[in-house]
Amino acid sequence: MFNRKNRTEIQHFVVTAKQMQAIETRLFDAGMPVAALMEKVAGRITQRILSKIESIPVTSIGVIVGPGHNGGDALVVARELHFLGYSLVVYCPFSKQKELTQSHLKYITSLGILINLNIESLQNCDVIIDGMFGFGLERPITDELAEAVNQINAWKKRVLSIDLPSGIHTDTGEVLGTAINATDTFCLGLWKLAFLQDSALDYLGNVELIDFDIPLADIQAILGKNPEFRRITKENAIADLPLPRPLTSHKYKNGNLLIVAGSHRYTGAAILAGLGARASGVGMLSIAVPKSIKPLLSSQLPEALIVGCPETEDGAILDFPSHFSLDQFDAIACGPGLTQSASTIVQMILDGNQPLILDADGLNILAQLDPISTLSQRQAATVITPHPGEFKRLFPDLVEELKNRILVTQKAAQQSQSIVLLKGARVCIGTENTVWMNPESTPALARGGSGDVLTGLLGGLLAAVVLNQTPIDAIVKTAVWWHAQAGIKAAKDKTELGVDAFTLTQYLNLLQLGLNSNNHN
Ligand SMILES: NC(=O)C1=CN([C@@H]2O[C@H](COP(=O)(O)OP(=O)(O)OC[C@H]3O[C@@H](n4cnc5c(N)ncnc54)[C@H](O)[C@@H]3O)[C@@H](O)[C@H]2O)[C@@H](O)CC1
Ligand SMILES: [K+]
């Protein structure tokens, strides 16, 4: 007995509608019949639908059938469910269909299944399958069709969408007119960009990829060796952890990080960043803070060297102590809790040659300094970690494009020649060639302080890997995955309301996330 090959590698590809079409065209050109592919895909969708509905009482299933191949998929699924004994109600408000879809419609009619033009026909169904539009949606849903979609949403039934919730734009994730509010969405073949866009999240429900054996060679032929869009997975995240450590390792081989953070007003930000860095395993940690809060930091982080700095009247860092040099550090993480009064040292750090993570007030200060030219003139790598508000201040020319978070991150990275980590429900990391996207997170992290933890964690990892030449974008995506997984685990144990930033730092332990020192799970 053979098991189906586990193709975890396909989980990290993300495609646009155009790329998906090009990949499918290759399959058809190679000889795969369109109808055979539809049959195969729909067979797999049927299996997954059955596994979702087996445990709930379902007798009647409604199916929305669109004019294209998304509708064709839905009709094949409907036919199979009919033969399994379910009662099917088909709603197809379109007078014209693609040929293959029309053929399936004809056959299903011959089986005695009525084709309804009226949305009310679905009202008494226990479950609805949405096959109205997939990646072929090309204009907004309007008029009676929009009313039908809104009616389905108002029923609040269980709705299983094929490929995408109808109405969601495949690339931007935007709602085109209106969109189906799915409880589950089965993405076909390869992840589409919409699944990683915040704007689509409320419509997608639970998501899963249905692999239908697209050969890797065909994927690579269209996406190239270094795909433009990549999904962060557990496998690719842990592959870049600095584990296992060489037996002859010593502290200076594991990174020397300087955190520059905190003020009278925001003392906790420096502590949280320090605790994030602690979790990273960084070899040496120094934290520069205004000198009057040094005792507080020392009591929380006994392993760190706390650098007390001269301070401004309002309790921000004014300058570094005399004889203090940035040259010794492998990386600097700067920004949490600084207040905007710390502009002198932020400028000094930007002028320096260390790999840098700039966050929070560091970004607000940068926004006053012609950000694009300041960043692109830096010799060393820079990672900036804005939330959308900070992003707008840094890249005012890109504000309009923020509705496509993936593309805007890519543009910002290219313009500033930096790595741009755009915060949100689905973090996007723009780099010169690739945008990494994090598919799993939790709203538990939408809370003050969780960003400070990320900055510290990222700083520690960055300091540790610059020495062994791991690409910086690779470690940024690992930090984002690690931070989000800790949030997910903490929320499981403590609910989404129980994950304050300090609690989060206690969940950064990799063992709790199912890993061990050999970098295996
Ligand atoms: N090509 C294939 O063999 C495969 C296709 N698959 C399915 O096919 C789908 C893509 O099929 P299509 O390219 O036919 O596209 P769709 O089925 O998404 O819809 C395209 C049709 O809808 C019409 N349309 C678009 N926007 C509209 C609007 N706002 N109002 C009214 N009509 C509108 C178009 O004119 C076109 O006729 C995928 O999402 C997937 O479900 C999968 O089965 C995998 C294999
Ligand atoms: K659909």
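The figures that follow rest on heavy atoms only: side chains count, while hydrogens, waters and symmetry mates do not. Just follow the structure's listing: the first ligand is 1, and inside any ligand the first atom is 1.
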Self-check item: Angle, OD1 of Asn70 through the K ion (ligand 2) to O of Leu164 - 10° precision
Solution: 140°
Quiz item: In ligand 1, which numbered atoms sit nearer than 4.0 Å to a non-hydrogen atom of Gly134?
Solution: 16 (P), 18 (O), 39 (O)
Self-check item: Candidate with minimal heavy-atom separation from atom 22 (O) of ligand 1, of Ala17, Gly68, Pro67, Ala74
Solution: Pro67
Quiz item: Does Gly66 come within less than 4.0 Å of ligand 1, judged by its heavy atoms?
Solution: no
Quiz item: Taking the non-hydrogen atoms of Gly189, is any one of them nearer than 4.0 angstrom to ligand 1?
Solution: no
Self-check item: Residue pairs involving residues 155-202 (criterion ring pair (Phe, Tyr, Trp, His ring centres under 6.0 Å); sequence neighbours excluded)
Solution: Trp191-Phe195
Quiz prompt | Thr478 side chain to Asp240 side chain, donor-acceptor N/O pair below 3.5 angstrom | solution = no
Quiz prompt | Exercise: do Gln410 and Glu228 side chains pair donor with acceptor under 3.5 Å | solution = yes
Quiz item: Is the closest side-chain heavy-atom distance between Val383 and Ile472 below 4.5 Å?
Solution: yes
Exercise. Ignoring hydrogens and angles, state whether a donor on the side chain of Ser166 or Asp130 is under 3.5 Å from an acceptor on the partner side chain.
Key: yes
Quiz prompt | Rounded distance (nearest 0.5 Å) linking atom CD1 of Ile162 with atom CD1 of Ile45 | solution = 4.5 Å
Quiz item: Nearest to the K ion (ligand 2), which N, O or S atom of Asp130 do we find?
Solution: O
Self-check item: Proximal atoms of ligand 1 relative to Leu188 (non-hydrogen, under 4.0 Å)
Solution: 40 (C), 41 (O), 42 (C)
Exercise. Around atom 9 (C) of ligand 1, find the nearest protein heavy atom and jot down its residue, atom name and distance.
Key: Asn70 N, 3.6 Å
Do any side-chain atoms of residues 116-124 form donor-acceptor pairs under 3.5 angstrom with protein atoms, and if so which ones, sequence neighbours left out?
residue: Asn116; atom: ND2; partner: Val90; partner atom: O; Å: 3.0
residue: Asn118; atom: OD1; partner: Glu120; partner atom: N; Å: 3.0
residue: Ser121; atom: OG; partner: Asn118; partner atom: O; Å: 2.5

Quiz prompt | Residue and atom name of the nearest protein heavy atom (relative to atom 6 (N) of ligand 1), distance in Å to one decimal | solution = Asp73 OD2, 3.7 Å
Practice problem: Inspect the contact between Lys423 and Asp359 and indicate whether a charged nitrogen and a carboxylate oxygen are less than 4.0 angstrom apart. | Solution: yes
Exercise. May I ask you to identify the nearest protein heavy atom to atom 3 (O) of ligand 1, giving residue, atom name and distance to one decimal place in Å?
Key: Phe28 CZ, 3.1 Å
Quiz item: What residue and heavy atom of the protein are closest to atom 1 (N) of ligand 1, and at what distance?
Solution: Glu24 OE1, 3.0 Å
Quiz prompt | Metal check, the K ion (ligand 2) vs Thr185 N/O/S, cut-off below 3.4 Å | solution = no
Quiz item: Hey, is Lys98 touching ligand 1 through its side chain, its backbone, both or neither, going by heavy atoms under 4.0 Å?
Solution: side chain
Self-check item: N/O/S from Gly134 sitting under 3.4 Å away from the K ion (ligand 2)
Solution: no
Quiz prompt | Sub-4.0 Å atoms of ligand 1 with respect to non-hydrogen atoms of Pro140 | solution = 29 (N)
Practice problem: Check whether any N, O or S atom of Pro165, backbone or side chain, sits closer than 3.4 Å to the K ion (ligand 2). | Solution: no
Quiz item: For ligand 1, which atoms, with element, lie under 4.0 Å from some heavy atom of Asp163?
Solution: 38 (C), 39 (O), 40 (C), 41 (O)
Quiz item: In terms of heavy-atom contacts, does CD of Glu432 have more than 12 from other residues, nucleotides or ligands at under 6.0 Å?
Solution: no
Self-check item: Test: Asp163 and Lys192 ion pair at under 4.0 Å
Solution: yes
Quiz item: For ligand 1, does Ala42 get within less than 4.0 Å through its side chain, its backbone, both, or neither, judged by non-hydrogen atoms?
Solution: neither
